[in-house]
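To start, the structure itself, in structure tokens.
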Amino acid sequence: MYGIDVSAYQKGIMGVDGGFEFVFIKATEGTSYISKSLGDFTRTYKMMEKLIGYYHFARPDLFSTPAGAEQEADFFIKVIDNLGMLGKSLLVLDWEKEPVNRYDLAVTFLERVKSKTGITPFIYASKYLVESGDFQRNLSQYPVWMAAWITGNYYAGEKIYIPRNLELNTMWSILQYSSSGKIRDGNQNVNVDLNYSRLTKTQWERLCKPVSMDETINEYMKWAIDTGLFSGYSDGLYHPKDPLTREQAATILYKFKTLLEK
């Protein structure tokens with residue numbers, strides 16, 4: 001699926017349907033800022049029947065303690081709840097403001113959102129960050145929206161060629177591939193971020209909802225996730241009741257062997 005992400009800077013293309021299927025809307029920042037365009041974008045894209053996600057722009061530079069990260073999470077949850085969109089939209093932590101190496105704060109935020117809503121949130125980050133060892137050690141249990149811009153001129157909703165190195169990267173579920181895209185028939189002076197999702201519409205809608213009892217994991221599986229032996233599926237879930245394939249078993253054993261050798 002193809003989609004866009006918007007903030008107040010993109011109000012000039014609001015309501016123009018460029019053939020995209022989903023939209024991420026900036027909702028909040030820090031512990032008090034609500035995007036001025038949040039309500040308008042939400043009403044518009046609901047009417048257009050687009051799949052919707054919301055992102056919170058984290059400020060680890062200002063709220064540099066776990067308590068601060070929890071305050072940011074609580075604020076984000078409250079705003080989305082007031083919109084009536086909890087359980088109807090993807091929730092995302094936008095992790096790009098320095099210091100991005102404060103993974104403890106990112107984990108605190110994500111765990112807070114999941115514990116209070118039952119919804120598994122995404123994390124948005126650059127390709128450089130996502131591929132770093134620290135990111136994978138701390139955040140592999142959360143689905144990823146990764147920024148990796150591909151050179152070229154693109155319109156929203158139009159099929160693109162994803163370079164082989166990005167296609168083979170299994171860490172992302174959603175790829176932001178351009179920061180200077182256009183909406184066909186829209187204001188050509190307005191740039192918009194363009195995205196490609198590996199998720200199907202059904203998978204997207206499932207991730208909007210609280211995790212079901214079937215997704216509950218036991219202490220042994222939690223240990224495997226925490227140690228990096230298992231990172232889940234591209235839809236952000238772990239499917240603990242699914243049978244393990246021989247390929248998956250071999251991958252886990254190889255990771256365990258590597259872990260023992262460290």
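Because the structure is a prediction, the values reported are computed rather than measured.
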For the student: nearest non-hydrogen atoms of [X] and [Y], plus distance:
X: S178; Y: S180; result: OG-N, 3.1 Å
X: V113; Y: I77; result: CA-CD1, 3.8 Å
X: I25; Y: I52; result: CD1-CG2, 4.0 Å
X: P143; Y: P121; result: CD-O, 3.5 Å
X: R198; Y: L166; result: NH2-O, 3.6 Å
X: S35; Y: A8; result: OG-N, 4.2 Å

**Asked** Step by step, would you call F75 with E70 a side-chain contact (heavy atoms from CB on, under 4.5 Å)?
**Response** CA-CA 9 Å; F75 175 58; E70 289 186 345; over 6 Å; no
Between the side chain of [X] and the main-chain N/O of [Y], is any donor-acceptor distance below 3.5 Å?
X: E29; Y: I34; answer: no
X: S64; Y: D61; answer: no
X: S132; Y: F135; answer: yes
X: Y154; Y: T151; answer: yes

**Message:** Could you go through D40 and R43, starting from their C-alpha distance and side-chain angles, then the distance that decides it, and tell me whether this counts as side-chain contact (heavy atoms from CB on, under 4.5 Å)?
**Reply:** CA-CA 5 Å; D40 289 340; R43 286 186 290 273; 2.6 Å; yes
**Asked** Mind checking whether Y45 and F41 have parallel, tilted or perpendicular rings, split at 30° and 60°?
**Response**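 Because their plane-to-plane angle is under 30°, the rings of Y45 and F41 count as parallel.
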Distance from [X] atom [atom1] to [Y] atom [atom2], nearest 0.5 Å?
X: L90; Y: C208; atom1: CG; atom2: SG; value: 4.0 Å
X: K114; Y: T120; atom1: NZ; atom2: OG1; value: 3.5 Å
X: M14; Y: S37; atom1: CE; atom2: OG; value: 5.5 Å
X: D5; Y: S179; atom1: CG; atom2: OG; value: 10.0 Å
X: L38; Y: L83; atom1: CG; atom2: CG; value: 4.5 Å
X: W204; Y: S89; atom1: CH2; atom2: OG; value: 9.0 Å

Does any non-hydrogen side-chain atom of [Y] lie less than 4.5 Å from one of [X]?
X: K46; Y: K88; result: no
X: V6; Y: V23; result: yes
X: W172; Y: Y196; result: yes
X: V92; Y: F24; result: yes

[X]-[Y] co-clustered via ILVMFWY side chain contacts under 4.5 Å:
X: L175; Y: Y128; result: no
X: W149; Y: L129; result: no
X: L62; Y: F76; result: no
X: V130; Y: Y103; result: yes
X: V192; Y: Y155; result: no

**Prompt:** Are the charged groups of R137 and D134 less than 4.0 angstrom apart, N to O?
**Reply:** yes
**Asked** Is NZ or CZ of K26 both nearer than 6.0 Å to the six-membered ring centre of Y54 and within 45° of the ring axis?
**Response** no
**Item:** Ring-face cation contact, F57 with K97, 6.0 Å cut, 45° max
**Value:**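 Negative - K97 is either too far from the ring of F57 or too far off its axis.
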With no hydrogens and no angle check, just 3.5 Å: does a side-chain donor-acceptor pair link [X] and [Y]?
X: Y124; Y: Q176; value: yes
X: E131; Y: N169; value: yes
X: T200; Y: T202; value: no

**Asked** Which is it for K209 and E205 under the salt bridge (charged side-chain N to carboxylate O under 4.0 Å, His left out) test, yes or no, and what are the steps along the way?
**Response** CA-CA 7 Å; K209 301 182 184 303; E205 291 174 336; over 6 Å; no
**Request:** Show the numbers, then the answer: is there a side-chain contact (heavy atoms from CB on, under 4.5 Å) between L105 and F63?
**Result:** CA-CA 9 Å; L105 301 181; F63 304 96; over 6 Å; no
**Prompt:** Can you check side-chain contact (heavy atoms from CB on, under 4.5 Å) on I4 and I13, steps first, answer last?
**Reply:** CA-CA 11 Å; I4 64 174; I13 53 92; 4.2 Å; yes
**Request:** Could you list the residues that satisfy side-chain contact (heavy atoms from CB on, under 4.5 Å) with A58, not counting sequence neighbours?
**Result:**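 Per chain and number, A58 pairs via side-chain contact (heavy atoms from CB on, under 4.5 Å) with H56, P60, E72, L93, W95.
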**Item:** For E21, side-chain contact (heavy atoms from CB on, under 4.5 Å) partners two or more places apart
**Value:** M1
**Item:** Neighbour count >12 (heavy atoms, 6.0 Å) for atom CG, N153
**Value:**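 At most 12 heavy atoms, drawn from other residues, nucleotides or ligands, come within 6.0 Å of this atom.
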**Request:** Decide if atom CD of E49 counts as having more than 12 heavy atoms of other residues, nucleotides or ligands within a radius under 6.0 Å.
**Result:**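 Atom CD in E49 is not crowded, with 12 or fewer foreign heavy atoms closer than 6.0 Å.
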**Prompt:** Of the options W145, Y2, Y177, which is the one that meets N195 in a side-chain hydrogen bond (donor to acceptor under 3.5 Å, both in side chains)?
**Reply:**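 It is W145; the other options fail the test.
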